[in-house]
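Below is one structure, written out as structure tokens, with a few remarks after it.
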Amino acid sequence: FSTTRPETMLGDTAVCVHPSDERYQHLIGKNVRIPLLDRDIPIIADALLAKKDMGTGAVKVTPAHDQNDYACGLRNRLPMINILNSDGTINKNGGKYSGMDCYEARKQVVEDMQTMGYFVDVEERKIDLAHSDRSKTPIEPYLSDQWFVKMPELAQAAMDAVTDGRVKFFPARYAKTYLDWLGEKRDWCVSRQLWWGHRIPIWYCATCTEEELQQVFQDQDDVAYRLDAETRGWLICSETNLAEDALGPSHKLIQDEDVLDTWFSSALWPHSTLGWPKKTDSLQYFYPGNVLITSRDIITLWVARMVLTGLYNMGDVPFCHVHVHPKILDGFGQTMSKTKGNGVNPIDLIDKYGADAVRFTITSFAGETQDVRLPMQYECPHCGTLISQALDDDGELVKPETLQGPLRGASGKPRMPCPQCKQASQFSTPQFDPDPGEPVARMVSERFEYGRNFCNKLWNASRFALLNIENYTAAPINRTDLMLEDHWIFSRLSSVAADVTESLAKYQFDAATRTLRDFTWNEFCDWYVEMIKPRLRDESLRSTSQRVLVGVLDMLLRLLSPFVPYITEDLWQRLNDVASERGLIAPRKSAASVMIAPWPDPPSEWQDRSLEVRFDRLQTIIVAVRNIRAVYRISPGTTLKLYVQCESDVAAELQDVAGQFDNLAKTTLEAAGTNVQRPSESASFSLDDADGFISLEGIINREEELTRQRKEAEKLRGFIAGHKKKLENKSFVERAPEEVVNNVRATLAGLQKQLESVEKIASQLSKD
RNA sequence: GGGCGGUUAACUCAGUGGCUAGAGUGCUACCUUCACACGGUAGAAGUCACAGGUUCGAAUCCUGUACCGCCCACCA
């Protein structure tokens with residue numbers, strides 16, 4: 001036979017062949033002798049272990065040192081000889097090898113076999129070998145006594161809790177991981193041979209008698225005892241010290257030296273931290289919890305076990321929801337870990353970007369599927385240069401101190417060199433704390449600028465609001481005093497609050513974060529705040545506008561509070577100082593802290609689709625005018641003149657908001673209506689229900705404008721062709737839902753109208 | 001070997017069968033205008049990994065392939 005662990009021959013108790021292997025059939029039942037020990041062992045047949053086409057087809061069986069061999073040993077009632085001590089040396093069963101390290105013995109066995117003439121050949125072979133994560137040494141299995149928890153009933157109860165919905169996973173697919181794993185119902189090995197942890201609650205007593213134990217423990221349901229099969233006498237399972245106290249000093253009790261699997265202890269966390277087994281008020285109030293938030297690799301190790309111990313000890317699940325979040329990987333897609341040294345120090349990030357900025361950014365990562373890559377850099381404390389992390393040829397992260405060769409400080413702690421300023425500094429690492437007073441290269445990542453910039457924006461927009469509400473007075477808001485932008489922000493606020501609430505209920509933190517960022521920045525700041533500036537400067541319009549602004553900001557702060565708690569709390573206090581009574585529906589005394597303010601639930605009737613469409617048109621026109629200004633490089637100080645050709649209802653709507661053209665695009669709306677003519681020498685833009693002209697007398701570059709219009713026409717023709725093709729497709733018109741077909745028709749009509757305008761404008765332009 | 005994800009702009013990610021596929025960062029041009037340059041305005045940038053299929057219609061659903069990540073099992 002062949003083996004990669006020759007020393008295990010010392011513990012062999014059989015040689016195994018396949019029952020149908022013709023080469024060896026005649027040998028089954030005979031014995032062979034292990035030459036190293038002169039021990040005879042049988043040749044057995046076992047179809048599950050031996051494979052005819054592997055090597056010689058004969059395999060040695062070491063039941064005490066290999067899992068497959070162990071199973072084979074059980075099947076064939078083989079003796080099991082443990083040849084190892086717990087420190088990896090050969091024990092007394094190893095004969096003359098006893099006392100040697102197993103790797104030493106491995107060499108010696110090969111040598112001895114050669115001397116005796118039984119050695120055939122050595123052959124290179126690649127095998128997967130399990131290594132200890134901590135010591136990086138190969139794992140040598142050996143037979144030992146361990147404590148197990150019997151799982152079938154416990155596992156079934158925990159499975160039932162998920163299948164009947166008492167515990168729900170978000171995202172739901174992770175229920176499969178949980179159920180598949182518990183479904184195996186493997187007994188749980190709970191003992192560990194470590195020096196720390198909960199001691200196993202088992203005591204041994206060599207001097208006790210059964211009568212004594214019976215008498216002492218007859219009323220104790222939670223104490224069990226039995227005669228130990230080995231030589232340690234009675235074995236008593238009880239709460240800590242209970243047995244010792246009850247039996248008194250006449251007996252010497254020895255506690256089992258093993259400790260519990262760390263996950264066994266952790267599994268008790270939801271109830272034991274609340275005082276269990278005492279029936280405390282906390283336990284009563286907080287158990288079961290609402291939600292457990294964790295990483296997917298913890299589902300089997302911890303989540304499943306918390307559910308099963310909770311059900312066993314408390315008779316109820318420990319939590320109703322399990323939210324599984326994505327993992328944050330390093331910039332190279334590898335899991336962050338302390339040993340790899342590719343982790344992130346959150347304190348560095350908080351120092352640099354702020355606590356709210358870090359929280360907001362991380363929240364934006366928390367989607368349902370995609371793990372997040374987070375490329376990190378070191379920031380040189382001397383010159384601010386950002387030093388990117390890199391991988392070496394083996395794919396290992398380059399250690400910072402080796403960027404240009406090792407640099408060590410007075411304390412012996414490594415430093416890293418800066419490639420820019422060449423100065424060295426200690427750096428942030430989980431391996432050691434930097435020396436006090438030493439400049440430290442922090443770990444930073446530009447991705448957190450997302451959160452930092454947002455916090456800055458929120459702060460400044462709120463500062464603007466606070467500066468403009470100094471003479472605020474509380475009063476109900478009169479709906480008839482509201483302008484288009486007010487109705488619009490009400491409508492948007494209602495949709496946004498509903499969206500955020502829904503996303504949070506599904507634990508879709510990334511979606512909630514995006515919705516709030518987009519609303520705050522692109523709608524509230526970019527449009528709403530800009531649009532109300534003139535009103536805030538106008539004595540007669542100021543008060544209503546202030547009340548709406550205060551009400552909107554109030555609601556926004558409440559929505560943002562879970563995402564950026566520090567900034568919103570600070571702003572909330574400032575808002576309370578100037579406007580303690582506020583509200584979009586009716587003014588009310590506001591909560592003392594945003595943390596306890598009610599979650600916003602604005603009426604859904606505020607949502608007004610047609611109003612939002614009108615607002616979109618206004619935005620589109622303003623962007624088109626700004627675009628013309630940019631294309632013609634007209635300075636921001638120059639006032640432009642806008643003429644809009646459109647139906648009278650559209651014209652009326654535009655006249656209503658005429659002030660905004662001046663406010664947002666430094667443009668006067670000169671005329672709007674059906675009879676508006678294109679002024680000569682003007683740049684223009686087309687919407688589906690309006691054409692706009694900016695008079696550019698003396699400035700216009702006819703060729704450039706003509707090119708611009710032709711490009712626009714070309715784009716429109718492309719879209720039109722696409723839409724036409726769809727409608728010409730008979731099956732599309734017949735089979736697609738009516739609404740979809742109608743939408744395409746409507747869009748096509750609009751595009752065609754736009755194209756007509758563009759073509760007309762182009763022809764007029766060439767005649768100017 | 002089994003399972004679960006992923007592959008969309010230079011980077012990091014959204015996109016839950018039907019708008020011209022989006023955002024942030026970065027990039028280009030202009031602007032220090034009385035909340036904000038950690039900013040504003042405008043703009044450029046995509047063979048939606050690949051190959052088939054289903055469908056009137058696919059980034060989206062199905063099958064397969066390649067690569068990446070994780071969990072579990074196995075390993076003379």
Side-chain angles (χ1 to χ4, degrees), chain A residues 1-5 8 16 49-51 54-62 66-69 125 127-130 171 173-174 176-177 180-181 184 295-301 326-327 329 331 333-335 353-354 357 361 364-365 367-375 445-447 449-468 510-511 514 517-518 521-522 525-526 529-530 533 537 623 626-631 633-637 664-666 715-716 718-719 722-723 726 729-737 739-741 743-744 746-747 751:
Chain A
F1 55 81
S2 60
T3 177
T4 55
R5 293 189 298 160
T8 60
C16 177
L49 187 68
K51 295 186 186 95
M54 284 287 274
T56 59
V59 56
K60 63 189 213 56
V61 187
T62 324
D66 181 279
Q67 289 178 52
N68 285 322
D69 291 8
R125 183 172 290 190
I127 55 164
D128 292 324
L129 194 57
R173 68 174 185 284
Y174 287 114
K176 183 174 159 57
T177 307
D180 285 356
W181 185 78
E184 293 188 19
S295 174
R296 62 177 173 274
D297 42 343
I298 300 299
I299 292 170
T300 53
L301 291 173
K327 295 178 68 145
L329 312 173
Q334 299 180 351
T335 302
Y353 304 101
T361 306
S364 80
F365 294 163
E368 293 211 313
T369 51
Q370 178 73 59
D371 283 343
V372 178
R373 280 182 188 223
L374 188 60
S445 170
E446 64 177 20
R447 294 200 64 190
E449 288 171 13
Y450 177 77
R452 183 200 59 186
N453 294 353
F454 175 77
C455 290
N456 187 254
K457 189 73 179 177
L458 175 66
W459 177 259
N460 280 303
S462 304
R463 197 161 66 98
F464 168 83
L466 290 162
L467 285 170
N468 282 280
D510 62 332
R514 252 195 322 277
R517 187 208 180 268
D518 290 351
W521 202 311
N522 303 342
C525 293
D526 287 353
V529 168
E530 291 304 324
K533 279 181 177 175
R537 286 192 287 260
V623 169
R626 284 169 175 169
N627 177 257
I628 288 171
R629 186 187 294 277
V631 166
R633 293 167 195 271
I634 300 165
S635 94
L664 298 174
K666 189 98 172 132
K715 213 166 97 185
L716 286 166
F719 301 151
H723 282 72
K726 265 191 178 176
N729 183 345
K730 242 177 133 180
S731 2
F732 171 71
V733 181
E734 279 168 14
R735 300 198 196 185
E739 197 196 330
V740 173
V741 178
N743 277 345
V744 173
T747 310
L751 288 168

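What you see below is based on every heavy atom in this structure, not just the backbone, and it leaves out hydrogens, waters and symmetry mates. Per chain, numbering begins at 1; letters A, B, ... match sequence-line order.
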Closest-nucleotide 5' rank along RNA chain B - winner of A:Gly333 and A:Tyr174: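 By nearest-heavy-atom nucleotide position, the 5'-most residue is A:Tyr174.
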
Length of the line joining A:Asp66:CG and B:C74:C1', which is rounded to integer Å: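 Rounded to the whole Å, the gap is 11 Å.
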
Using side chain to side chain contact (heavy atoms under 4.5 Å, CB included) as the criterion, list what pairs up with [X], not counting sequence neighbours.
X	value
A:Val59	A:Cys16, A:Leu49, A:Ala50
A:Leu329	A:Lys327, A:Thr335, A:Asp371
A:Arg629	A:Ile634, A:Thr638, A:Leu640, A:Lys666, A:Thr667
A:Lys715	A:Glu712, A:Phe719

What string of B, S and - do you get for [range], 5' to 3', if B is base contact, S is sugar-phosphate-only contact and - is no contact with any protein heavy atom under 4.0 Å?
range	result
nucleotides 14-28 of chain B	S-B-B-B---SS---
nucleotides 30-36 of chain B	-----BB
nucleotides 43-48 of chain B	S-----

Test salt bridge (Lys or Arg N to Asp or Glu O under 4.0 Å) applied to A:Asp518 - qualifying residues, sequence neighbours left out: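 Residues passing salt bridge (Lys or Arg N to Asp or Glu O under 4.0 Å) with A:Asp518: none at all.
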
A:Glu530: partners by salt bridge (Lys or Arg N to Asp or Glu O under 4.0 Å), with sequence neighbours left out: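 Checked A:Glu530 against salt bridge (Lys or Arg N to Asp or Glu O under 4.0 Å); matches are A:Lys533.
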
Atom [atom1], compared across [N] and [M]: separation rounded to whole Å:
N	M	atom1	value
B:U16	B:U32	P	42 Å
B:A66	B:A44	C1'	32 Å
B:G64	B:U54	C1'	15 Å

Results of side chain to side chain donor-acceptor pair (under 3.5 Å) for A:Ser364 - residues two or more places apart only: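 So A:Ser364 forms no side chain to side chain donor-acceptor pair (under 3.5 Å) with any residue.
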
A:Arg5: partners by side chain to side chain donor-acceptor pair (under 3.5 Å), with sequence neighbours left out: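 For A:Arg5, the residues satisfying side chain to side chain donor-acceptor pair (under 3.5 Å) (neighbours in sequence not counted) are A:Glu140.
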
Consecutive-pair stems (at least three Watson-Crick or G-U pairs, under 3.5 Å) that include RNA chain B: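 RNA chain B stems, ordered by first number: B:1-7 with B:66-72, B:10-13 with B:22-25, B:27-31 with B:39-43, B:49-53 with B:61-65.
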
